[in-house]
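Inspection log for the structure reproduced underneath, given as structure tokens.
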2 protein chains.
Amino acid sequence: MAAKSTNPHFMNGVPELLILRLLKDREMYGYELVQAIRAATRDEITLGEGVVYPVLHALEKDGALKSRRKAVAGRTRVYYTVTAAGLKRLGALIGTWAKLNDAIASTLNGDAHAPLAV
Amino acid sequence: MAAKSTNPHFMNGVPELLILRLLKDREMYGYELVQAIRAATRDEITLGEGVVYPVLHALEKDGALKSRRKAVAGRTRVYYTVTAAGLKRLGALIGTWAKLNDAIASTLNGDAHAPLAV
DNA sequence: GCATAATACCTTGAACAAAAAGGTATGCAA
DNA sequence: TTGCATACCTTTTTGTTCAAGGTATTATGC
């Protein structure tokens, strides 16, 4: 059973979705994103650095993000911004999430034939 | 890109949620559940037998389900019903799902401080 | 009569995402 | 100078899920 350490492992692909969505509004760096996600989800979702950094690297490699180094107070930060490809990817992820969500919602509601949002 | 074989791997813990929810309405057997899930989600979510059976076994082992064998047309089916413990578990899963969903929705909407449904 | 598909159960293997944990380095406060 | 917060990163482990296979019975097509 184990005490809830972060999340009881209940979603997939969500990290990427959240990260892209937050970066759409403004450029951020990894460490900042970790806290931004906690704040945006009211501590409901906590993504550790071990999740965020690999996702950022993968997204950049895929051309969905661009990064630039910036020195702030003697410290180096790596800021990420969303590319056009990244926006497209975000749109696709949102669509997938919406459909998944509708599918589950209608099952939970017991809707026999409620039309899934298209 | 690879043709969508079943699902592009986008959820977690959902199988258990869907199975418990469907069994809440009426007793069903594994093979039937596979198709019921496809029907209920309009093909949006397809869980193979390799997913459904292990979940059923695990839930039964945990006391969330009870099974009984029934011979139908010379064939043996294993019907599952939800126990009281199973209903409790279902309630918890629904709650978790709702919170996760609200958290993601408010992030996607960019709500700075919309109160999460409680 | 025979092959094939559909029903119905099940398990094993591999893939993969995410969690946990560790590792480095700087700046600041006590 | 010890410790904590910032800031980056990687490696290892875990656990779900997927794909694929394996058995057996009944119905269907030819």
Side-chain angles (χ1 to χ4, degrees), chain A residues 1-20 27-38 41 45-62 65 67-80 93 96-97 100 104, chain B residues 2-19 27-38 41 45-62 65 67-80 93 96-97 100 104:
Chain A
M1 223 123 295
K4 157 190 163 181
S5 43
T6 44
N7 311 301
H9 198 28
F10 213 60
M11 69 295 210
N12 236 52
V14 172
E16 189 177 318
L17 173 61
L18 295 179
I19 288 170
L20 279 171
E27 74 173 355
M28 289 172 114
Y29 52 99
Y31 194 79
E32 188 183 9
L33 270 167
V34 171
Q35 289 143 177
I37 289 166
R38 283 183 30 120
T41 65
I45 298 174
T46 298
L47 301 181
E49 301 172 38
V51 172
V52 170
Y53 285 116
V55 170
L56 288 174
H57 301 331
L59 285 175
E60 182 171 27
K61 197 177 137 217
D62 287 359
L65 295 179
S67 69
R68 66 189 182 99
R69 303 193 150 267
K70 204 163 133 186
V72 180
R75 198 163 254 145
T76 309
R77 290 175 182 167
V78 184
Y79 281 87
Y80 291 89
L93 285 174
T96 304
W97 175 258
L100 172 66
I104 293 174
Chain B
K4 156 189 164 185
S5 46
T6 44
N7 312 298
H9 196 29
F10 212 59
M11 70 292 211
N12 237 46
V14 172
E16 189 177 319
L17 173 61
L18 295 179
I19 288 170
E27 76 173 353
M28 290 172 115
Y29 52 99
Y31 194 79
E32 188 183 9
L33 270 167
V34 170
Q35 289 144 179
I37 289 166
R38 283 184 27 122
T41 65
I45 299 173
T46 299
L47 301 181
E49 301 171 36
V51 172
V52 170
Y53 285 115
V55 169
L56 288 174
H57 299 333
L59 285 175
E60 182 172 27
K61 198 178 135 214
D62 288 0
L65 295 180
S67 70
R68 67 190 182 97
R69 303 192 151 267
K70 205 163 133 187
V72 180
R75 197 162 253 140
T76 309
R77 290 176 182 164
V78 185
Y79 281 88
Y80 291 90
L93 286 175
T96 304
W97 175 258
L100 172 66
I104 292 173

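All of these numbers come straight from a predicted model, not from anything done at the bench. Only heavy atoms go into these numbers, but all of them, side chains included; no hydrogens, no water, no symmetry mates. First the proteins, then the strands, lettered A, B, ... as listed; each starts at 1.
Atom P of nucleotide dT16(D) and atom CG of Leu93(B) are separated by 12 Å, given to the nearest angstrom. When rounded to the nearest whole Å, the span between CG of Leu59(A) and P of dA18(C) equals 11 Å. In this structure, the CD atom of Glu16(B) is 13 Å from the C1' atom of dG15(D), given to the nearest Å. The nearest whole Å value for the distance from the NZ atom in Lys61(B) to the C1' atom in dC10(C) is 16 Å. Atoms CD1 (Ile45(A)) and P (dA17(C)) sit 18 Å apart, rounded to a whole Å.
Going from atom CG of Leu18(A) over to atom OG1 of Thr41(A) covers 7.5 Å, rounded to the nearest 0.5 Å. If you take CH2 on Trp97(B) and CD1 on Ile104(A), they are separated by 3.5 Å, rounding to the nearest 0.5 Å. Here the CD atom belonging to Glu49(B) is positioned 11.0 Å from the CG atom belonging to Leu56(B), to the nearest 0.5 angstrom.
For the pair Leu47(A) and Val34(A), the minimum side-chain heavy-atom distance is 4.5 Å or more. Side-chain contact between Arg77(A) and Arg68(A) is absent, with no heavy-atom pair separated by less than 4.5 Å. Taking the side chain as every heavy atom from C-beta outward, Leu93(B) and Glu16(B) approach each other to under 4.5 Å.
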task: List the protein contact pattern of nucleotides 3-10 of chain D with one symbol per nucleotide (5' to 3'): B for base contact, S for sugar-phosphate-only contact, - for none; contact means a heavy-atom distance under 4.0 Å.
output: --BBBBBB
